[in-house]
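Source: prediction; values computed, not measured.
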There are 2 protein chains.
Amino acid sequence: MPTTTASRRREQAKFEYNAFLALCPTRQLLDSLSDKWVCLILAALADGPLRYSDLARQIAGVSQKMLTQSLRSLERDGLLIRTVTASVPVRVDYELTALGESLMPVVRAVKIWAETHMDEVLAARAAYDGEG
Amino acid sequence: MPTTTASRRREQAKFEYNAFLALCPTRQLLDSLSDKWVCLILAALADGPLRYSDLARQIAGVSQKMLTQSLRSLERDGLLIRTVTASVPVRVDYELTALGESLMPVVRAVKIWAETHMDEVLAARAAYDGEG
DNA sequence: CTGTATCCTGTTCGATACTG
DNA sequence: CAGTATCGAACAGGATACAG
């Protein structure tokens with residue numbers, strides 16, 4: 001059997017797997033959560049609605065661009081709602097939806113594991129880097 | 001009060017926040033998990049040890065470079081162990097550590113939420129995109 | 001078999017400036 | 001106040017070739 005066939009089969013498998021991943025719900029969720037700021041926004045909104053500028057102040061490290069972009073993404077996914085109050089100056093509030101709140105236990109699970117075990121991870125890293 | 005002072009204060013806050021984030025265990029964990037392949041590797045190893053080529057076959061979409069890179073990262077974090085058997089040809093097995101296994105419930109929590117709610121997210125996306 | 005090294009492409013993201 | 005638009009540097013990540 002020629003090599004070309006085997007390599008073609010591999011490419012085919014890769015293609016199918018990538019198509020599968022594109023549809024895989026877990027991967028899609030992970031893609032959203034992996035955004036650097038998404039979890040921080042969710043956590044900030046867990047205590048109640050906040051205005052744009054409140055978020056910008058609480059999550060001090062984020063750029064305007066990324067904050068807006070992440071908020072849009074979360075809004076699009078139905079995890080939060082954006083309420084514009086047409087006053088002068090305009091006022092925009094962000095609030096978790098029920099769907100967004102249902103995600104919080106997952107975020108908290110991540111947080112709890114991190115706070116419980118991250119020192120072990122850091123120790124492992126130090127040991128690994130030490131050995132060189 | 002001159003504007004420069006306010007802007008300097010903002011920069012200072014941003015700097016401090018970024019320093020805080022760099023130390024925040026949750027952020028560090030999220031940074032690891034957000035790697036495209038890490039969760040897939042963890043899931044693949046949840047059922048037992050696998051060889052490099054087994055992983056490459058199961059996670060068909062990954063490039064050699066990223067697979068190796070992700071495995072090294074997980075090894076460094078103490079989540080899996082890499083065992084080299086010096087035969088010809090050489091054989092390398094990867095296996096979750098206790099620490100790695102302790103992370104699995106978190107990964108599963110993400111998976112369960114995704115499988116339960118991702119259709120709502122997709123519906124929200126469709127609605128959002130439809131409105132334009 | 002299990003990688004490492006290199007090149008090269010697309011994407012991400014911060015900074016900056018501008019708008020309703 | 002709450003964004004939008006644009007530019008450029010930095011990085012991620014795939015393809016390919018090579019090595020122990």
Expected output is a numbered-order residue list: members of residues 17-49 of chain A with a heavy atom under 4.0 Å from any atom of DNA chain D. What is it? none
Looking only at heavy atoms, which two atoms of A:Y94 and A:L45 are closest? And how far apart? O-CD2, 3.4 Å
Please check: side-chain N/O of B:D35 versus main-chain N/O of B:W37, any donor-acceptor pairing under 3.5 Å? yes
Does anything in residues 99-111 of chain A form a side-chain hydrogen bond (donor to acceptor under 3.5 Å, both in side chains)? List the pairs, not counting sequence neighbours. A:S102-B:W113, A:K111-A:E115
One pair to check against side chain to side chain contact (heavy atoms under 4.5 Å, CB included): A:L80 and A:E95. What are the steps and the verdict? CA-CA 5 Å; A:L80 57 76; A:E95 182 178 8; over 6 Å; no
Determine whether a donor-acceptor pair (N or O, by modelled atom type, separation under 3.5 Å) exists between the side chain of B:T97 and the backbone of B:G78. yes
Atom CG of A:L55 to atom P of D:dC1: distance rounded to whole Å? 14 Å
In degrees rounded to 10°, what angle is found between the helical axes fit to the five outermost pairs at each end of the helix from C:dC1-D:dG20 to C:dG20-D:dC1? 50°
Could you check how far CG of A:L50 sits from C1' of D:dA2, rounded to whole Å? 15 Å
I'd like to know if A:R125 and A:D129 make a salt bridge, using a cut-off of under 4.0 Å between side-chain N and carboxylate O. no
Can you find a side-chain donor-acceptor pair between A:Y52 and A:T68 that sits under 3.5 Å? yes
Check for a donor-acceptor pair, side chain of A:Q28 on one end and backbone N or O of A:L23 on the other, with a separation under 3.5 Å. yes
Expressed as a whole number of angstroms, how long is the span from A:R10:CZ to D:dT16:C1'? 13 Å
Quick test of your reading: applying salt bridge (charged side-chain N to carboxylate O under 4.0 Å, His left out), list the pairs with at least one residue in residues 57-71 of chain A, sequence neighbours left out, ordered by first then second residue. A:D54-A:R57
Nearest heavy-atom pair of A:A43 and A:M104: which atoms, and what distance? CA-CE, 4.1 Å
In the 5' to 3' direction, the nucleotides of DNA chain C bounding the stretch that comes under 4.0 Å of a heavy atom in chain A are C:dC13 to C:dA17
5' to 3', nucleotides 4-12 of chain D under a 4.0 Å protein heavy-atom cut-off (B base, S sugar-phosphate only, - none) gives B--------
Checking A:T85 side chain against A:S87 main chain: does a donor-acceptor pair fall under 3.5 Å? no
